[in-house]
Amino acid sequence: MSDIIQLLPDSVANQIAAGEVIQRPASVVKELVENALDAGATEIIIHAKDAGKTLIQISDNGCGMSPTDARMAFERHATSKINSANDLFCIRTMGFRGEALASIAAIADVELKTKRVEDEVGTFIHIIGSQVKKQEPVACTNGTSFSIKNLFFNVPARRKFLKANTTELKHIIYEIQRIAIPNPEIKISFYHNNSPLYELPQTNHRKRIVDVFGKSINQSLVPVKEETSLIKIHGFVGQPKFARKTVGEQFFFANGRFMRHPYFHKAVMQAYEKLLPPDTFPSYFLFFELDPGNIDINVHPTKTEIKFENDRAIWQIIHAAVRESLGKHNVVPSIDFDQSGNIDIPLPKRDASDISFPDIKVNPDYNPFNTEKSGVSFGNREFKSDRTNLGRWEDLYEGAENKPSPQHQSEQNYFDGDGLDDLYGKSKEQFTGKKVLQLKQKYILTPVKSGLMVIDQKRAHERILFEKFMDVLKSDSVASQQQLFPQTVELNPADAELLKSILSDLLALGFDIREFGKNTFVINGTPGVLDVSSPELIIERLLEEYKNSPLEAKKKAKEQIAISLAKASALEYGTELKPEEVDRLIDNLFACVTPNFSPDGKKVLTIIQTEDIEKSFSK
Ligand code: ADP
Ligand code: MG
């Protein structure tokens with residue numbers, strides 16, 4: 001038998017390499033923008049059509065390429081950035097592997113126009129699937145412009161597995177953020193289907209973060225600065241009170257390159273220990289400058305993993321630097337910290353007669369659980385407690401005051417199946433506010449027939465709201481409560497896209513929201529079932545919740561939005577409730593179809609059996 005091993009043709013080898021480097025349109029954006037940075041550009045313009053599936057165009061005003069280099073650039077392992085293996089240990093450029101252009105050209109239709117300042121004319125090259133179709137001189141401006149069409153045209157499996165445009169666009173936005181944040185001196189614009197998502201002017205680090213994530217982040221940022229011989233750290237960490245429920249704005253950059261680093265992430269998180277509300281994540285933007293000889297970037301083709309020599313020492317430095325910043329800015333109990341960095345603001349002297357009490361208006365009749373709004377109706381529906389269902393649950397209380405009932409039933413049995421009628425059916429009078437206790441402003445405790453029922457107040461309210469929203473979605477008419485003063489929300493582009501994608505469902509729920517130019521929305525009305533004092537906050541929380549919801553669940557978009565909205569607008573833990581409010585909450589909960597689970601399937605209540613209480617006293 002003859003020998004069977006042969007070298008793969010370049011086009012095939014490139015396609016295989018492309019599988020690693022180019023996973024989706026966002027990877028093309030990343031590679032081309034990094035090349036523009038390496039070319040010394042001060043302005044980069046990115047255009048994408050259909051989340052980059054149809055077209056990605058990237059132009060820069062960098063150094064450009066000679067006609068020969070322009071052709072060479074598409075060869076595999078062709079790079080101007082390193083010459084020898086030694087250079088691998090002092091990399092200061094974003095690229096060095098010489099793989100990106102060869103990979104992209106293997107799986108797309110690529111056009112390049114490039115010109116150096118010193119050249120009279122530029123070069124045009126057209127390559128499809130590694131085949132050069134045309135190379136000719138062209139009149140063009142200094143710098144380089146790539147246009148990538150029909151990505152993965154010859155890799156149908158990849159093309160088929162691309163996600164929906166909103167998802168792919170989100171990935172592109174992430175890549176742009178990762179490049180824009182560490183490079184505020186570079187002007188970056190991004191247009192999607194010709195509408196501008198980012199137009200970032202040249203500025204400083206802090207302002208760039210604000211330009212990328214929206215004005216609201218500014219107040220949360222606390223500066224961090226630490227210089228040691230091993231590493232220089234600067235940047236910002238978010239104050240704990242602004243921590244969010246989604247892991248999002250957490251960025252490490254090593255010598256200007258975005259990286260993931262779970263170990264250093266822990267250093268930051270531990271610095272926040274005990275400062276964060278449960279299940280929330282702080283933002284951070286930390287820039288590390290260190291000798292490139294002490295890090296290894298070449299761990300993975302996409303270069304987002306970086307190995308550090310001395311990583312333990314660096315861990316300590318990061319931890320201490322973040323802790324100190326949080327301390328200096330008074331977000332940690334301050335006794336342990338040097339306060340010298342704080343500015344003392346003297347109180348203005350004034351006459352005691354100037355001082356008067358602030359004028360505060362409160363509405364003593366306001367009741368957050370009063371859902372019967374005047375003038376709001378939902379078709380034929382009225383959102384009052386459903387008394388028929390109510391009548392049955394009240395029997396839970398039967399005998400609660402007297403001797404313990406001999407029947408002990410498991411918690412599930414209370415609400416499942418036929419056992420119900422047995423349990424319910426007594427009048428409401430037996431249950432009064434007096435028998436109810438709010439614990440830690442989180443739980444509602446109330447004696448029932450078989451023991452002590454503990455209700456999670458937030459989850460209970462989520463369930464109530466969710467069922468109301470679902471009713472609204474099912475009914476034909478939607479009631480919206482018009483805002484006296486329409487509110488505007490400015491979102492970051494990723495959130496703006498998300499909001500656009502769920503806008504029609506929000507309208508069906510009773511929101512009246514319109515797009516108002518770039519990433520800004522006007523809220524004219526909110527669902528009638530909600531008592532909303534700051535609708536913009538509800539929208540922000542709703543997006544957070546929606547982002548957090550499991551992918552699977554998003555398929556049932558309407559329901560998931562109702563869940564997210566219920567979670568976003570339910571009363572928070574830590575809210576003190578008056579006895580009559582507790583009463584109403586319990587009424588409304590048991591008027592629900594499924595009172596014992598929150599809309600996302602968590603337990604709303606539990607019953608501590610009298611038997612168990614007795615057992616615990618038996619010794
Ligand atoms: P790498 O960036 O790892 O060197 P690439 O395949 O991304 O590999 O690019 C190959 C070469 O093409 C680069 O080394 C650079 O010389 C040249 N090049 C690519 N993009 C640009 C650009 N926008 N401006 C100038 N030169 C570029
Ligand atoms: Mg490159």
Side-chain angles (χ1 to χ4, degrees), residues 10-11 13-23 26-47 56-85 87-108 110-119 122-127 130 132 135 138 140-148 151 175-176 178-179 183 186-189 255-258 292 296-304:
D10 270 357
S11 58
N14 286 339
Q15 237 189 57
I16 295 171
E20 280 202 315
V21 188
I22 308 297
Q23 285 138 4
S27 329
V28 174
V29 173
K30 170 183 191 282
E31 293 296 336
L32 296 185
V33 176
E34 286 188 352
N35 281 346
L37 290 181
D38 287 344
T42 56
E43 178 167 4
I44 303 172
I45 302 168
I46 307 152
H47 277 273
I56 296 168
Q57 198 173 33
I58 295 187
S59 317
D60 68 56
N61 62 351
C63 63
M65 287 177 260
S66 71
T68 321
D69 282 351
R71 176 66 194 82
M72 266 299 279
F74 291 101
E75 293 299 322
R76 204 136 83 93
H77 308 306
T79 180
S80 55
K81 299 168 194 175
I82 58 173
N83 286 317
S84 67
D87 293 347
L88 273 176
F89 305 109
C90 54
I91 287 165
R92 293 213 172 263
T93 50
M94 300 300 286
F96 57 88
R97 297 170 63 113
E99 277 178 332
L101 292 186
S103 301
I104 296 168
I107 50 166
V110 178
E111 285 182 5
L112 160 68
K113 276 186 199 166
T114 185
K115 180 174 122 42
R116 300 181 300 177
V117 195
E118 60 265 41
D119 296 333
T123 306
F124 170 83
I125 293 183
H126 185 193
I127 298 191
S130 298
V132 180
Q135 170 158 10
V138 69
C140 61
T141 50
N142 295 333
T144 302
S145 166
F146 279 98
S147 108
I148 315 296
L151 188 65
E175 292 299 346
I176 294 175
R178 290 165 185 183
I179 286 167
N183 296 292
I186 297 172
K187 205 174 148 186
I188 299 178
S189 323
N255 293 344
R257 184 190 303 278
F258 169 79
D296 182 2
I297 311 166
N298 202 11
V299 185
H300 189 265
T302 57
K303 310 183 203 98
T304 49

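Numbers here are sequence positions counted from 1. Both counts, for ligands and for their atoms, begin at 1 and track the order of listing.
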Heavy-atom side-chain contact between Ile125 and Phe74 under 4.5 Å: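 A side-chain contact exists here, since the closest heavy-atom pair is under 4.5 Å.
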Close side-chain approach of Thr123 and Arg116, heavy atoms under 4.5 Å: no
Among all the protein's non-hydrogen atoms, which is closest to [atom], and how far away is it?
| atom | value |
| --- | --- |
| atom 14 (O) of ligand 1 | Ser80 N, 2.9 Å |
| atom 20 (N) of ligand 1 | Asn35 CB, 3.2 Å |
| atom 23 (N) of ligand 1 | Asp60 OD2, 2.8 Å |
| atom 26 (N) of ligand 1 | Met65 CG, 3.4 Å |
| atom 10 (C) of ligand 1 | Ala78 O, 3.4 Å |
| atom 25 (C) of ligand 1 | Ala39 CB, 3.6 Å |
| atom 8 (O) of ligand 1 | Gly98 CA, 3.2 Å |

Could you give the distance from [atom1] ([X]) to [atom2] ([Y]), rounded to the nearest 0.5 Å?
| X | Y | atom1 | atom2 | value |
| --- | --- | --- | --- | --- |
| Ser147 | His47 | OG | NE2 | 11.5 Å |
| Leu32 | Leu37 | CG | CG | 11.5 Å |
| Ile56 | Glu31 | CD1 | CD | 11.5 Å |
| Lys30 | Ile176 | NZ | CD1 | 13.0 Å |

Neighbour count above 12 (heavy atom, 6.0 Å) for Lys187 NZ: no
Contacting atoms of ligand 1, where contact means under 4.0 angstrom from a heavy atom of [X]:
| X | value |
| --- | --- |
| Ala100 | 6 (O), 7 (O) |
| Phe96 | 1 (P), 3 (O) |
| Gly95 | 2 (O), 3 (O) |
| Thr79 | 1 (P), 4 (O), 14 (O) |
| Ala73 | 10 (C), 12 (O) |

Whether Lys81 lies under 4.0 Å from ligand 1, heavy atom: yes
Whether Gly62 lies under 4.0 Å from ligand 1, heavy atom: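 Flag not set, Gly62 not near ligand 1.
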Asn61 and Thr42: side chain donor to acceptor below 3.5 Å: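 On atom types as modelled, these side chains qualify, holding a pair under 3.5 Å.
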Asn35 and Leu101: CA distance, side-chain angles, deciding distance, side-chain contact (heavy atoms from CB on, under 4.5 Å) verdict: CA-CA 10 Å; Asn35 281 346; Leu101 292 186; 4.0 Å; yes
Nearest candidate to atom 6 (O) of ligand 1, where distance is taken over non-hydrogen atoms, out of Thr144, Asp38, Leu101: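 Answer by nearest heavy atom: Leu101.
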The Mg ion (ligand 2) to nearest N/O/S of Asn35 less than 2.8 Å: yes
Test item: Asp60 side-chain N/O and Ala41 main-chain N/O as donor-acceptor pair under 3.5 Å: no
